[in-house]
A.B. asks: 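Okay, here's the structure, questions in a sec.
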Amino acid sequence: MTTTITVIPGDGIGPDIIAATVDILNAAGCDFAYEYADAGLTALEKTGELLPQSTLDAIARNRATLKGPLTTPVGEGFTSINVSLRKQFELYANVRPVKSFKGTQARYENIDIITVRENTEGMYSGLGQVVSDDGSEAQALSKITRTGAERIVRFAYELARREGRQKVTTVHKANILKSTSGLFLKVAREVAAEYPDIQSDEMIVDAVCMKLVMNPEQFDVIVTTNLFGDILSDLCAGLVGGLGMAPGANIGENSAIFEAVHGSAPDIAGQNIANPTSVILAAIQMLEYLEMPEPAARILAALTDVIASGDRTTRDLGGNGSTTDFTAAVIERL
């Protein structure tokens, strides 16, 4: 039976890198049907809405969605589309792996870290956002629930066990944020006790930032709250060459969205020079989620070889190949 994937090409360079990734999935023998949908500025121009109901319906219909970068207009009245999608589909787990690739211009060589970020609570829950009438004071609420904390920490430990990982580090700020971060840490300790086969560690977020820069090899799986996870996962991406080398998965009970985590780069849109690696890696995450490890492994091996050999790589990887050149190099190895 053919699996249908929802595909959201997105804005800016999105359509180019999504098209490249779909070509690679097809070349790897993934017998998918694709249901295309619009979101972001592209959807706003066509329908007057950033997130049309037809797109929400397509995501709900299919188990997995592959998404390019989306642009949320900056200014009053527009909620982040990514945050809206995570809330709408209760995509509580944001999984962002980073891995060193030979051939990149990264500062480190042996990085293999997964950040598991709680995706629906904390400072991103949007609660209590108030600005005083005179503009002199602003407030926002952070909300952590026992259910949300337990769900994300258990997800991290299950992922670690499934992938043969050695250690889970809970990242917090319970020394200062005694209520919210305190509850998260308390729940994390309770869950950790159920996984004696996995080494458990806990660390304050500022110390993690320093240690990620000084000795990142000590980290394996990081689990943390929404805001800290957003910041730390970008820091981790910087260790392996930037956001162009980092994918992201947003996973819930019934559906999942896999995405390039970088922006839409409107300055290079339509020029056929964007590096599609982030969304290719997201597609590999999608294949693993769909329990298709064989094509996932073959695509990863092909991509790894292209980057290591510098064969038709894009400018950010030190080459002068186009998006289509880079894609052709990966497909040839498949």
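Each residue takes its place number in the sequence, starting with 1.
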A.B. asks: With no hydrogens and no angle check, do the side chains of Asn62 and Thr4 hold a donor and an acceptor under 3.5 Å apart?
C.D. replies: no
A.B. asks: Mark yes when over 12 heavy atoms from residues, nucleotides or ligands other than Glu291 sit less than 6.0 Å from its CD; otherwise mark no.
C.D. replies: no
A.B. asks: Taking the inter-plane angle between the rings of Tyr36 and Tyr34 on a 0 to 90° scale, is it parallel (under 30°), tilted (30 to 60°) or perpendicular (over 60°)?
C.D. replies: tilted
A.B. asks: For atom CG of Asp134, decide whether the heavy atoms of other residues, nucleotides or ligands shown that lie under 6.0 angstrom number more than 12.
C.D. replies: yes
A.B. asks: Measure up the Phe155 and Tyr92 rings against each other and bin them: parallel (under 30°), tilted (30 to 60°), perpendicular (over 60°).
C.D. replies: perpendicular
A.B. asks: Please check this pair: side chain of Ser181 against backbone of Lys173, looking for a donor-acceptor N/O pair closer than 3.5 Å.
C.D. replies: yes
A.B. asks: Verify, without hydrogens or angle tests, whether Thr314 (side chain) and Ala274 (backbone) share a donor-acceptor contact under 3.5 angstrom.
C.D. replies: no
A.B. asks: Would you find a donor on one side and an acceptor on the other, under 3.5 Å apart, between the side chain of Asn250 and the backbone of Arg86?
C.D. replies: no
A.B. asks: Count the heavy atoms of every other residue, nucleotide or ligand shown that sit under 6.0 Å from CG of Asn26, and state whether that count exceeds 12.
C.D. replies: yes
A.B. asks: Verify, without hydrogens or angle tests, whether Thr55 (side chain) and Asp38 (backbone) share a donor-acceptor contact under 3.5 angstrom.
C.D. replies: yes
A.B. asks: Once ring pair (Phe, Tyr, Trp, His ring centres under 6.0 Å) is applied, what residue pairs with a partner in residues 167-186 remain, sequence neighbours excluded?
C.D. replies: none
A.B. asks: Do Asp11 side-chain atoms and Thr71 backbone N/O form a donor-acceptor pair below 3.5 Å?
C.D. replies: yes
A.B. asks: For atom NZ of Lys167, is the number of surrounding heavy atoms from other residues, nucleotides or ligands below 6.0 Å larger than 12?
C.D. replies: yes
A.B. asks: Would you say Gln166 has more than 12 foreign heavy atoms packed within less than 6.0 Å of its CD?
C.D. replies: no
A.B. asks: So if I apply the side-chain contact (heavy atoms from CB on, under 4.5 Å) rule between Leu317 and each of Met245, Gln105, Arg312, which one comes out positive?
C.D. replies: Met245
A.B. asks: Is any side-chain heavy atom of Val240 closer than 4.5 Å to a side-chain heavy atom of Thr104?
C.D. replies: no
A.B. asks: Tell me if a side-chain donor or acceptor on Asn226 pairs with a main-chain N or O of Glu121 at a distance below 3.5 Å.
C.D. replies: yes
A.B. asks: Under a 3.5 Å cutoff, is there a donor and acceptor pairing between the side chains of Asn275 and Thr277?
C.D. replies: yes
A.B. asks: Taking Thr324's backbone N and O only, do any of them form a donor-acceptor pair with Asn272's side chain (distance below 3.5 Å, no angle check)?
C.D. replies: yes
A.B. asks: Return yes if some donor-acceptor pair links the side-chain N/O of Tyr108 with the main-chain N/O of Val213 below 3.5 Å, else return no.
C.D. replies: yes
A.B. asks: Give me the atom names and distance for the closest heavy-atom approach of Leu185 to Ala174.
C.D. replies: CD2-CB, 3.9 Å
A.B. asks: In Å and rounded to the nearest 0.5 Å, what is the CD1 to CG distance from Ile257 to Asn94?
C.D. replies: 11.0 Å
A.B. asks: I need the minimum non-hydrogen distance between Ala329 and Asp311, along with the two atoms involved.
C.D. replies: CB-O, 3.7 Å
A.B. asks: Check for a donor-acceptor pair, side chain of Arg165 on one end and backbone N or O of Leu159 on the other, with a separation under 3.5 Å.
C.D. replies: no
A.B. asks: Taking Ser278 for its side chain and Ala246 for its backbone only, find out whether a donor-acceptor pair lies under 3.5 Å.
C.D. replies: yes
A.B. asks: Determine whether more than 12 heavy atoms belonging to other residues, nucleotides or ligands lie under 6.0 Å from atom CZ of Arg161.
C.D. replies: yes
A.B. asks: Do other residues, nucleotides or ligands put more than 12 heavy atoms under 6.0 Å from Glu109 CD?
C.D. replies: no
A.B. asks: So which heavy atom on Pro295 is nearest to which on Leu287, and how close?
C.D. replies: C-CD1, 4.0 Å
A.B. asks: Give the minimum heavy-atom separation between Ile81 and Gly40, together with the two atoms involved.
C.D. replies: CD1-CA, 3.4 Å
A.B. asks: How about Arg61: does its CZ atom have over 12 heavy atoms from other parts shown lying under 6.0 Å from it?
C.D. replies: yes
A.B. asks: Answer yes or no: is there an ion pair linking Glu288 with Arg162, defined by an N-O contact shorter than 4.0 Å?
C.D. replies: no
A.B. asks: Can you give me the closest heavy-atom contact between Ser132 and Ser136, atom names plus distance?
C.D. replies: OG-N, 3.2 Å
A.B. asks: Passes side-chain contact (heavy atoms from CB on, under 4.5 Å), Val98 versus Leu239? Steps please.
C.D. replies: CA-CA 8 Å; Val98 294; Leu239 304 175; 5.7 Å; no
A.B. asks: What heavy-atom pair brings Thr224 and Phe228 nearest, and what distance separates the two atoms?
C.D. replies: OG1-CB, 3.4 Å
